[in-house]
Amino acid sequence: SGATLNGDIANFNTGVYVNDDTEVTVTGDVTDNDNTGVEVVADATLTATGATISDNGAEGILVDSGGATVDVDQSTVENNGDTGAGIQLNAVADGNTHNITRTTFTDNAGFAVNADLTEEATENLTLRGNAFEGAQAVTSTQEVDATLNFFGDDNGPDASGGASVSDTVVYDPFLTESAESGADSSASVSDTESTKNFAHDIVISGNSVTSIGFPATPVSPLTGTASLADIVNLDRDGVRAYALIDGEFIGSGEDTTFQN
């Protein structure tokens, strides 16, 4: 058995409370509730597609059961909590998948996604194609893969305008634009995997981290001198890009030659 909630759920203590091993799908708005927007305390399956989870007093979504399964896609999670996360995942267990994809996070009080999971469960969490706006993006108790997400700045989470991540979060390569910047909203997560609008952080000769965009030229040019051995060359689906040295574009493509 299961339930689909496609209307507006507002002005309750908790918007949606799932305490049974069932399937719950949210496609409407869960807003302005006193505490949590959606709370799962059973080994249930929660699906949020095209939903808006906003302006709730605590977490937007709180999953407090290790046996739960979560799939949040093409949704909006914003302005939730005084201190809580946009999505809080507690006690994530090995074997239960948690997919958070193509979702926009804006101005949640805590991190957009806060994941408390075991080392064995790290591969069960998928974060792809999301747009993180605000101060804090992702934190986790174990190392997790958060590559190919947009962190509020085309220079990534290390930029002054980027949404930060904890040291346990692998974010590189990252997207240089959000889906709202022109991507097809109907595109699949696999399309995110093959995007060419991404960037990579590199360090040359001990300089500060600099982002190189693909296929765009770097937003923050490299300075100083470097030999060919110092240049990091990424190749993704045949697209190559290099760096700016002393303000001069060195080149892009397989036929590029470097002058020391």
Side-chain angles (χ1 to χ4, degrees), residues 1-93 96-118 121 124-125 127 130-141 144 146 152 163-166 169:
S1 64
T4 298
L5 308 176
N6 56 14
D8 295 340
I9 300 172
N11 302 313
F12 293 97
N13 184 26
T14 296
V16 178
Y17 187 75
V18 183
N19 62 353
D20 192 12
D21 299 352
T22 187
E23 297 181 3
V24 176
T25 300
V26 179
T27 60
D29 296 346
V30 183
T31 63
D32 296 299
N33 296 288
D34 293 339
N35 292 308
T36 306
V38 180
E39 185 171 354
V40 180
V41 296
D43 295 347
T45 297
L46 172 66
T47 301
T49 303
T52 296
I53 315 293
S54 69
D55 299 292
N56 297 289
E59 293 86 356
I61 297 175
L62 170 61
V63 180
D64 206 8
S65 172
T69 297
V70 177
D71 190 349
V72 179
D73 185 49
Q74 290 186 292
S75 294
T76 298
V77 181
E78 62 184 3
N79 297 323
N80 290 291
D82 294 327
T83 59
I87 297 179
Q88 176 73 46
L89 304 175
N90 290 338
V92 176
N96 294 87
T97 59
H98 291 67
N99 301 317
I100 303 173
T101 53
R102 300 181 296 174
T103 290
T104 299
F105 295 84
T106 306
D107 295 332
N108 295 285
F111 277 89
V113 177
N114 189 333
D116 179 5
L117 68 174
T118 65
N124 299 106
L125 175 61
L127 299 167
N130 300 294
F132 297 106
E133 306 281 356
Q136 299 173 306
V138 182
T139 186
S140 62
T141 55
V144 296
S164 67
V165 297
S166 66
V169 175

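Every value quoted in this text rests on a predicted model; they were computed, and no experiment measured them.
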Undergrad: Would you name the heavy atoms of His98 and Ala68 that are closest together and state the gap between them?
TA: CE1-O, 3.4 Å
Undergrad: In Å, rounded to the nearest 0.5 Å, how long is the span from OG1 of Thr103 to CD1 of Ile61?
TA: 8.0 Å
Undergrad: Measure the CG-OG distance between Asp116 and Ser140 for me, rounded to the nearest 0.5 Å.
TA: 9.5 Å
Undergrad: Please identify which of these residues, Val77, Ile100, Val72, meets the side chain to side chain contact (heavy atoms under 4.5 Å, CB included) condition with Asn130.
TA: Ile100
Undergrad: Answer yes or no: is there a side-chain heavy-atom contact under 4.5 Å between Thr106 and Thr76?
TA: no
Undergrad: If I take atom OG1 from residue Thr101 and atom CG from residue Asp73, how far apart are they, to the nearest 0.5 angstrom?
TA: 3.5 Å
Undergrad: Just distance, no hydrogens or angles: give the donor-acceptor pairs under 3.5 Å from side chains in residues 40-56, sequence neighbours left out.
TA:
from: Asp43; atom 1: OD1; to: Ser65; atom 2: OG; distance (Å): 2.6
from: Asp43; atom 1: OD1; to: Gly67; atom 2: N; distance (Å): 3.3
from: Asn56; atom 1: OD1; to: Asn33; atom 2: N; distance (Å): 3.1
from: Asn56; atom 1: OD1; to: Asn33; atom 2: ND2; distance (Å): 3.0
from: Asn56; atom 1: ND2; to: Val30; atom 2: O; distance (Å): 3.2
from: Asn56; atom 1: ND2; to: Ser54; atom 2: O; distance (Å): 3.2
from: Asn56; atom 1: ND2; to: Asn80; atom 2: OD1; distance (Å): 3.0

Undergrad: Can you see which heavy atom on Ala109 is nearest to which on Gln136, and at what distance?
TA: O-OE1, 3.9 Å
Undergrad: Does the Asn99 side chain pair with the main chain of Leu127, one donor and one acceptor, at a distance under 3.5 Å?
TA: no
Undergrad: So, taking the atom named CD in Glu59 and the one named OG1 in Thr14, what distance separates them when rounded to the nearest 0.5 Å?
TA: 10.0 Å
Undergrad: Minimum heavy-atom separation for Gly60 and Thr36, please, with both atom names.
TA: O-CG2, 4.2 Å
Undergrad: How long is the straight-line distance from CD of Glu78 back to CG of Asn108, given to the nearest 0.5 Å?
TA: 8.0 Å
Undergrad: Taking distance alone, no hydrogens or angles, what donor-acceptor pairs closer than 3.5 Å link side-chain atoms of residues 2-13 to residues at least two apart or in another chain?
TA:
from: Asn13; atom 1: OD1; to: Asn35; atom 2: ND2; distance (Å): 2.3

Undergrad: Considering only heavy atoms from C-beta outward, does the side chain of Ile87 approach that of Phe105 to under 4.5 Å?
TA: yes
Undergrad: Main chain of Ala131, side chain of Thr104: is a donor-acceptor contact present, judged purely on distance under 3.5 Å?
TA: no
Undergrad: If you measure from OG on Ser166 to CZ on Phe111, what distance do you get to the nearest 0.5 Å?
TA: 6.0 Å
